[in-house]
Amino acid sequence: MLSKSIIPVIVVFGPTSVGKTDFLLNLSKISEIINIDSLQVYKYMNIGTAKPGAGTLSQIKHHLIDFLDPNEEFNTGDFVHEADKLCFEVFSRDKIPVISGGNAFFLINFIKGLPATPKCNPIVRKKVEEELKNKGIEELSCKLEKIDPDYFSKISKNDTYRITRALEIYYSTGKTVSYFKIPEKPRECYNFLFIGLIREKEELHERINRRVDLMFENGLYEEFLKLRKMGYGSSSPGMGAIGYKEFFELDNEQSVEWQPGDKQLGLDDIKELIKKNTRQYAKRQITFFKKIDNVIWENPDNFSAIFHKVEEFLKQHGKIVCNFDNCSFYDKIPIKK
RNA sequence: GCCGCUUUAGCUCAGUCGGUAGAGCAGUAGACUGAAAAUCUACGUGUCCGCAGUUCAAUUCUGCGAGGCGGCA
């Protein structure tokens, strides 16, 4: 039965702008893409999140993309649950599920499975936020040190984000963060093939800069204004994305009545800010990805260097190979005589 | 042309009442327990604009240059 079988999953990841989308076209017809991205999930946010275009989407089926309102949250747990369902469905259609994208935190949680820590409890979180406001971070930090010294020793006393989350877990379950163990190995219900796409730093930075320039040419600012007019503000989860949040910084009025051109002088600064933030993000992504074991690292332009590995992987799953004729991947395999 | 201010890290600037200097940002490396395009950690030798003078000692004081900014002509 399928439910008991091990599902093969090709995981393609890499920093932003590395060229994942183009790379995936090599796998069209044998696979469906499960997008691993926390912001391409949002509707109306196309330019700044570098969503694949209609051409790409028509060539290869994508999931978890362009379906959510920017006011709604899409967190790690949501991703893992949806991705698990989709992997099963795609495999049932005799296709290979390809998890692809740049969100390393989602990816780690998908590979190893979610830790048993509870999901966010909005009421408790609000309470902790109140407490933070009244007592300050030093006091919360001391509190956590007493409650969970193990976890406290691993984080910084300045890490408001993690300290408040740790207290939230404690308040809602009575248990500490360290009580919940993180899974150590990849889940055994999947057979993973990890492909990490990477480029030289200078080249990656050039691609980032070029892409941001192109986003502006394609109307990123206008897209932002449109989202503002639709009522999405800086507190909308989607609007925290690099490529959107920066527009708020030079915009003190935050008026929906703005017209393109009102803030001409600031736009170049914003553009440079977006480039900088994207470069820094790419750096963090790469650091995170390096933690994953058994990765085939390759430049995305060099598909031929890894296709043998992909081929070998696919051969382990006979019924997939049966569908292997007449696909674009097959076209790239040199004919041996 | 005159007067004033200014010149210190890749950038913006502190500072040394004379004992060769440090913040923020950038950069580099790293962390990551259901918010993660988030959040956090570590890492600082630089002709202290140049030349001369005073001094045991000058980036610091004095003089003369040079660049920048502002004001008056």
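So that the names make sense, note that chain A is the first sequence line, chain B the second, and so on, each numbered from 1.
Not counting sequence neighbours, the partners of A:F313 by the ring-ring contact (aromatic ring centres under 6.0 Å, His included) test are A:H317.
Checking the phosphate oxygens (OP1, OP2) of B:A29, a side-chain nitrogen or oxygen of A:K283 falls inside 4.0 Å. For A:Q280, a side-chain nitrogen or oxygen approaches OP1 or OP2 of B:G27 to under 4.0 Å. At B:U33, none of the side-chain N or O atoms of A:K181 fall inside 4.0 Å of OP1 or OP2 (strictly under the cut-off). Taking side-chain N and O atoms only, A:K201 has a distance below 4.0 Å to OP1 or OP2 of B:A29.
Pair assignment for B:U59: none, as no Watson-Crick or G-U wobble contacts are both less than 3.5 Å.
Using modelled atom types, one finds a donor on one side chain and an acceptor on the other under 3.5 Å when comparing A:T16 with A:R211. In this model, no donor atom of one side chain and acceptor atom of the other lie less than 3.5 Å apart for A:K275 and A:N209.
Residue contacts shown for A:K112 are absent, as no nucleic acid heavy atom lies under 4.0 Å away.
Across all non-hydrogen atoms, the minimal contact from A:S178 to A:D150 is OG-CB, 3.7 Å.
Residues from residues 138-158 of chain A that place a heavy atom under 4.0 Å from any atom of RNA chain B, listed by number: A:Y151, A:K154, A:S156, A:N158.
For the ring pair (Phe, Tyr, Trp, His ring centres under 6.0 Å) test with A:F224, the passing option among A:F248, A:Y232, A:F216 is A:F248; the others fail.
Residue A:K245 has its side chain nearest to B:A38 when only B:A38, B:C32, B:U33 are considered. For A:K276, whose side chain is taken as the heavy atoms from C-beta onward, the closest listed nucleotide among B:U33, B:A35, B:A26 is B:A26.
Judged by distance alone, with hydrogens and angles left aside, A:T160 brings no side-chain donor or acceptor close enough to the base of B:A38 to form a pair under 3.5 Å. Not a single donor-acceptor pair, N or O on each side, falls under 3.5 Å between the base of B:A36 and the side chain of A:R284. In terms of polar N and O atoms assigned as donor or acceptor, the side chain of A:R162 never comes within less than 3.5 Å of the base of B:A31 in a complementary pairing.
Proximity of the aromatic rings of A:F110 and A:Y190 is defined here by a centroid distance below 6.0 angstrom, and this criterion is met.
Note: CG (A:D37) to C1' (B:A38) measures 14 Å, nearest angstrom. Rounded to whole Å, atom P of B:A35 lies 9 Å from atom CZ of A:F106.
Cation-pi geometry between A:R187 and A:F192 is not satisfied (NZ or CZ under 6.0 Å from the ring centre, within 45° of the ring normal).
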